[in-house]
Amino acid sequence: MGSELTFPANFFWGTATSPTQVEGHILNEWTDYVACDGGHCRVACNHYHLYEKDVELMAGLGVNAYRMGIEWSRLQSAPFAELNRKELDRYIHLLDCLKAAGITPMVVLHHFSNPLWITTSGGWLNPATIPAFVDYTAKIVAVLKDRVYLWNTFNEPDTYASLTYLLGGFPPFHKWRLGAFRRVVKHMAEAHIRASEAIRREHNGSGRPEIGVAKNWTYFGAFRSFALWDHVVAELTHHTFNRFVLNEFTGGKRRNASTFLGLNYYGRARLKDFRALVPTNGVSPETLKKLGLVCDDMFERHPAGFGKLLRRLHRRCGLPIYITEHGSASLDDDFRIDDLTGHLRELRGAMNDGVDVRGFFYWSLLDNFEWQFGYTKKFGLFSVDFNDAQLTRRSTRVGKFYQQICAGARAEPSRQNGRELKVS
Ligand code: FCB
């Protein structure tokens with residue numbers, strides 16, 4: 001049975017990557033890190049050299065948008081330094097290739113990685129990082145403002161602050177430092193506000209920039225309704241990762257700093273005896289299956305929560321929303337296609353109810369370096385053969401499915417100023 005999904009004609013259908021995960025040849029705090037599978041990011045997908053080919057892949061998919069990062073460590077060698085011209089020119093060429101392919105860029109200014117000189121001076125715990133980031137932002141925007149108007153300051157400050165200072169997964173690998181977690185979030189929120197002023201200032205007279213943060217949203221809940229202790233932990237976790245972070249970035253007057261809210265949505269984590277029942281927490285596929293939990297290789301899937309969340313964020317923030325990331329990791333393409341279909345139905349349902357969503361960026365264009373998990377999580381619309389020196393990209397069925405969505409390939413003639421897609 002097919003169901004009809006109609007999206008506005010100017011809706012952005014995009015895909016997403018981040019520098020450390022795809023570019024390679026980076027010197028930042030991740031360069032020497034070795035992931036659980038023995039992998040590192042030193043070459044990654046070699047997007048650094050292969051970007052022209054990757055833009056061709058995107059053009060073939062038919063996307064009209066691309067969420068990409070610009071790597072701070074490539075551009076500045078010290079606080080307040082001039083931007084590195086050669087590296088800048090490479091990004092400019094990438095942006096020009098995108099333009100020639102009819103693809104609108106959304107640029108992310110911070111996606112989990114810092115230059116080494118930021119790390120050694122205390123990272124985001126040090127308030128001096130805030131003006132350094134704002135200076136970097138102003139310089140980048142001054143150069144790129146004719147090519148970029150969609151600016152995403154921070155990717156998932158909640159994930160970044162928790163993995164650096166609570167869960168020990170990201171450099172500098174600290175654990176259970178709640179005060180440090182809160183300080184990092186506050187500093188990033190302050191940097192977001194000040195960077196948004198700098199972006200507006202630099203754009204003055206050259207079009208209206210769009211500015212937002214990308215908030216990751218994981219649902220936390222108790223697996224068993226009677227387990228009071230799991231409810232308490234879930235509520236505390238929700239408060240810390242979701243409510244507190246959203247409020248720091250968009251609460252009260254701070255909301256005016258952003259013109260949109262980015263939402264990264266992957267699903268939920270339910271707790272049983274204080275333990276999160278998700279693959280990323282080492283719970284085996286057999287156990288998850290026995291408990292009846294539907295997961296990809298990372299999280300429990302929860303499409304219904306997506307629609308609910310969109311309505312809630314719309315009421316709470318009132319900002320237009322971009323789905324800055326959604327995708328799933330699995331070797332089973334049917335699973336991934338079903339997952340995408342379920343989430344797009346929820347997205348359409350929320351939009352029918354008046355939620356203003358402007359675009360959807362599939363994570364990810366390519367299989368890539370998934371931080372602590374190395375190359376074990378397959379998120380790509382294109383697979384990458386990491387055993388082959390050419391890092392050959394291959395099309396996947398989920399990529400072909402997304403291509404149909406982008407093209408409206410199964411579209412009926414347009415109705416209500418929109419494209420009609422039939423997704424089975
Ligand atoms: C998000 C990150 C992105 C990628 C996906 C799977 O939390 O923003 O870099 O790791 O998860």
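When a ligand or atom number is given, it counts from 1 through the structure's own listing order. Start at 1 with the first residue, then count along the sequence.
- Taking the charged nitrogens against the carboxylate oxygens, Glu300 and Arg270 do have a contact shorter than 4.0 Å, which makes a salt bridge.
- In this structure, Asp297 does not pair ionically with Lys377, as no charged nitrogen and carboxylate oxygen lie closer than 4.0 Å.
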- Candidate pair Tyr136 and Trp72, rule ring-ring contact (aromatic ring centres under 6.0 Å, His included), full reasoning: CA-CA 8 Å; Tyr136 164 64; Trp72 189 3; 5.2 Å; yes
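- The distance criterion of under 3.5 Å between nitrogen or oxygen atoms is met by Gln21 with respect to ligand 1.
- Within the 4.0 Å heavy-atom shell around ligand 1 one does not find Thr159.
- In summary, the atoms of ligand 1 found under 4.0 Å from a heavy atom of Asn155, numbered by their order in the structure, are 8 (O).
- Residue contacts with ligand 1: Glu156 is placed with a nitrogen or oxygen under 3.5 Å of a nitrogen or oxygen of the ligand (distance criterion only).
- Under 4.0 Å is where a charged nitrogen must lie from a carboxylate oxygen, and between Glu23 and Arg74 at least one such pair does.
- With no hydrogens or angles considered, a side-chain donor-acceptor pair links Asn216 and Thr218 at under 3.5 Å.
- Atom 1 (C) of ligand 1 has its closest protein heavy atom at Glu325 OE1, 3.1 Å.
- Of all the atoms in ligand 1, the ones that sit under 4.0 Å from a non-hydrogen atom of Tyr266 are 1 (C), 5 (C), 6 (C), 11 (O).
- Ion pairing of Arg336 with Asp332 is absent here, as no side-chain N (NZ or NE/NH1/NH2) approaches a carboxylate O to less than 4.0 Å.
- Under a 4.0 angstrom heavy-atom cut-off, Lys377 registers as lying outside contact with ligand 1.
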- Give the intermediate values and the outcome of side-chain hydrogen bond (donor to acceptor under 3.5 Å, both in side chains) for residues Asn155 and Arg67. CA-CA 11 Å; Asn155 176 67; Arg67 177 175 178 260; 2.8 Å; yes
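- The shortest N/O to N/O separation between Trp363 and ligand 1 does not fall below 3.5 Å.
- For atom 10 (O) of ligand 1, the nearest non-hydrogen atom of the protein is Glu370 OE1, 2.7 Å.
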